[in-house]
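Notes for the one structure printed next.
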Amino acid sequence: MQPDIYNLLKTHFGYDSFRDQQAEIIQNTLQKNDSLIIMPTGGGKSICYQLPAFAMEGMALVISPLIALMKDQVEALRANGLEAASLNSTTEGSESREIAQKIKSGKLKLLYVSPERAVTPAFIDFIKSKNINLIAIDEAHCVSMWGNDFRPVYTQLPTLLNEKSDVPFLALTATADKATQQDIAQKLELRNPKKYLSSFERKNLQLKVLPAFNRLNHIIKYLEENKDASGIVYCLSRKSTEELATKLNQRGFKAAHYHATVDGQKRHRVQEAFQKDEIRIICATIAFGMGIDNSNIRFVFHYNLPKNIESYYQEMGRAGRDGLNANTTLFFNYSDVHILKRFIDESEGDDTYKKVQTSKLFRMVDFCQATSCRTNMILSYFGEHRSQPCGHCDNCQNPPQKFDGTRLAQMAMSASKRLNERVAINMLTDILRGANRHEISQLGFDRIKTYGAGKDYSREQWLDYISQMINLGLYEVDYTDYNKLKVTPVGGKVLFENEKVELSKPREFEKALYEKPKSKTQVFEEELMGILKSTRQKIASSEGVPTYVIFNDATLEEMVEEKPLYKNDLLRINGVGDYKLEKYGDQFIEAIQSYVNKGSQLKSLKGKTYLETRSMLKEGLSPEEIAKRRNMNLITIYSHVAYLYEKDEDIRLEDYITADELDLIEKEWLKLNQPDELKPLYEKLEEKVDYYKLRLTIAHYKKKKATFQ
Ligand code: ADP
Ligand code: ZN
């Protein structure tokens with residue numbers, strides 16, 4: 001018989017439906033075929049092997065190179081009441097023995113193993129006699145020299161795989177171009193694998209590139225507007241991670257720095273605090289990220305330019321893994337190009353390496369300067385071509401507004417020429433604006449004709465216009481000479497031959513980001529979200545697990561939206577399965593109830609629905625009449641009645657149900673062990689008693705119990 005994978009999805013993982021290709025992949029595995037899965041980060045790869053592991057007899061093996069990630073996955077599974085364990089270099093002897101015991105007794109359903117451990121003769125020997133139902137190889141691109149992150153030990157995996165050739169294999173990766181994909185299938189000796197290629201577009205990520213001046217203020221403003229949000233700010237240098245974290249702390253934000261020379265223990269602490277939401281902002285070099293499984297990251301800022309599009313996409317891709325919207329912003333700065341270029345030139349690679357890296361860097365620069373859809377640029381970089389614009393990047397959402405910029409461009413270039421092209425962007429801006437800077441007067445720059453000629457434009461505007469002129473090729477930045485600006489032949493045409501040039505109005509970035517004025521409902525909902533987050537954090541801290549292991553942001557948002565007030569209503573929320581309902585349901589329901597109950601808050605809000613029912617009852621309307629008037633389901637109105645009754649409102653239950661009925665229903669309910677769900681009770685009563693009476697009986701019982709306690 002085919003297992004009911006939809007039912008397993010809800011009961012074991014709490015999700016209502018599969019994403020994209022998940023169901024197909026799972027079916028393919030259940031039919032014992034091999035799969036090659038290329039899915040972006042956050043796409044939902046884990047369920048593709050976790051669910052079939054539970055659907056089949058025996059235990060699944062998952063090869064995974066990242067210890068932190070393994071640990072998180074195991075914790076997440078355990079939070080759902082599912083038996084999983086991991087074996088790697090940090091596993092102690094006693095723990096290994098415990099795991100072996102669990103495997104023997106057939107309890108363990110998923111075993112995560114590091115590749116180093118998986119290829120040892122001892123492990124292969126151990127696993128020989130065990131009932132394995134599938135083998136998943138995570139980060140499969142590590143097997144290929146073409147991939148981003150080759151690990152020789154991966155090439156030894158076929159020894160293990162051959163030992164269990166009767167089970168399906170799944171190779172999974174988030175980054176593999178076409179050559180790498182083929183190489184994975186070949187090196188892992190997959191047998192006629194079905195390939196599942198998901199689009200690399202991350203629809204929930206907003207992409208933005210801004211000029212770097214003002215970046216600190218921009219970040220601070222964003223953080224003020226998004227107080228509960230967690231995120232990462234990537235910096236180029238260790239020093240700037242420290243400085244930035246200090247500045248943010250001074251402003252009252254919970255930030256920490258993270259880079260490769262922070263000692264191991266401290267790094268571990270920072271990572272843990274971040275996962276538990278105790279620290280909201282990590283200022284990090286690229287050393288931070290591998291193994292971060294935090295799905296609740298709401299923003300990623302690139303304080304500096306990433307070295308290529310692969311790195312950029314990987315780093316910004318850590319945002320929004322839970323599928324909710326997230327903001328990613330890159331601050332572009334010409335001096336970073338210079339620094340990164342120098343890194344390449346001074347690196348130990350050979351000439352070919354340097355050439356490749358340099359051209360990758362310039363693709364990154366092209367990306368920053370683009371005026372068309374940025375998502376499409378990234379997709380085409382990874383070999384996915386399309387022309388339809390994405391709608392979630394800055395160029396799509398807020399297309400550049402062009403105007404005739406000839407006069408402005410001439411003003412700037414004429415100043416440069418008069419200064420013998422000896423100044424870089426900041427100094428030029430100050431001169432155009434007639435700034436009162438000691439250096440300027442000392443060098444006599446205030447005596448040129450164009451000094452102060454551009455004072456009608458703000459510093460930000462000038463910096464933006466000059467950046468655009470560089471992008472348009474009117475200026476060239478001399479990276480070898482303090483980034484001084486040189487007028488190019490193209491610029492010369494504009495300056496001397498009056499050729500027209502179009503510039504774009506600087507975007508009102510902040511406005512675009514922070515526009516939405518908040519309604520009362522939003523304020524209420526944000527407050528409730530804050531309460532649910534702190535409920536979650538308390539539980540996470542006491543259990544010593546990352547917060548998203550309890551529930552992720554998407555699940556909390558749905559709770560805020562739905563405001564379930566009974567435990568079994570909670571089951572309707574995506575992300576709440578049977579196990580978590582039992583374990584955490586009460587705490588979340590209590591939090592929602594007590595918040596919704598704060599009468600004063602209820603005005604004009606969704607929670608007011610109870611008050612409306614109450615006042616209509618007081619007017620003397622029957623639930624049937626209320627349902628009609630409010631155009632709502634009768635059962636819903638009765639659930640309001642039950643709720644109000646439980647909350648000591650003046651409700652006469654005997655108006656709706658007889659004492660005999662109460663007795664009868666209560667007896668059956670107790671026999672069934674007091675399920676929160678009404679359906680089994682309804683069936684037990686042979687579907688003869690109205691649903692609403694069941695609800696009222698439970699309310700009656702609960703209140704009775706509360707009174708006598
Ligand atoms: P990946 O390994 O591909 O980066 P994960 O497997 O960690 O992604 O999944 C990313 C997030 O999406 C997790 O928070 C996970 O719980 C959630 N998720 C996965 N599948 C579903 C689904 N069918 N419905 C809702 N959420 C899902
Ligand atoms: Zn776009």
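Owing to the predicted nature of the structure, the values given are computational and were not obtained by experimental measurement. Each ligand, and each atom within it, is numbered from 1 in the order the structure gives.
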Any N or O of Arg321 closer than 3.5 Å to N or O of ligand 1: yes
Part of Phe18 within contact of ligand 1 (heavy atoms, under 4.0 Å): backbone
Metal check, the Zn ion (ligand 2) vs His392 N/O/S, cut-off below 2.8 Å: no
Aromatic ring proximity Phe367/Tyr381, centre distance under 6.0 Å: no
Leu305 and Tyr312, any side-chain heavy atoms less than 4.5 Å apart: no
Whether Gly323 lies under 4.0 Å from ligand 1, heavy atom: no
Residue that, paired with Tyr548, satisfies side-chain hydrogen bond (donor to acceptor under 3.5 Å, both in side chains) out of Asp322, Asp72, Asn296: Asp72
Residue part near ligand 1, for Ser17, under 4.0 Å between non-hydrogen atoms: backbone
N or O pair under 3.5 Å between Asn574 and ligand 1: no
Lys505/Asp464 salt bridge by N-O under 4.0 Å criterion: no
Part of Pro40 with heavy atoms under 4.0 Å of ligand 1, whether side chain, backbone, both or neither: backbone
Close-contact set for ligand 1 against Ile47 heavy atoms, below 4.0 Å: 20 (N)
Metal-centred angle, the Zn ion (ligand 2) as apex - SG of Cys393, SG of Cys396, 10° resolution: 100°
Where ligand 1 meets Asn552 - atom numbers and elements under 4.0 angstrom, heavy-atom basis: 14 (O)
Proximity of His218 and Phe331 rings by center, below 6.0 Å: yes
Test: Lys567 and Glu582 ion pair at under 4.0 Å: yes
Side chains of Lys71 and Ser86 in contact at under 4.5 Å (non-hydrogen atoms): no
Proximity winner for atom 2 (O) of ligand 1, if only heavy atoms of Gly320, Ser46, Ala554, Ala174 are counted: Ser46
Salt-bridge present (Asp34, Lys194; N to O < 4.0 Å): no
For ligand 1, the portion of Met39 having any non-hydrogen atom under 4.0 Å away: neither
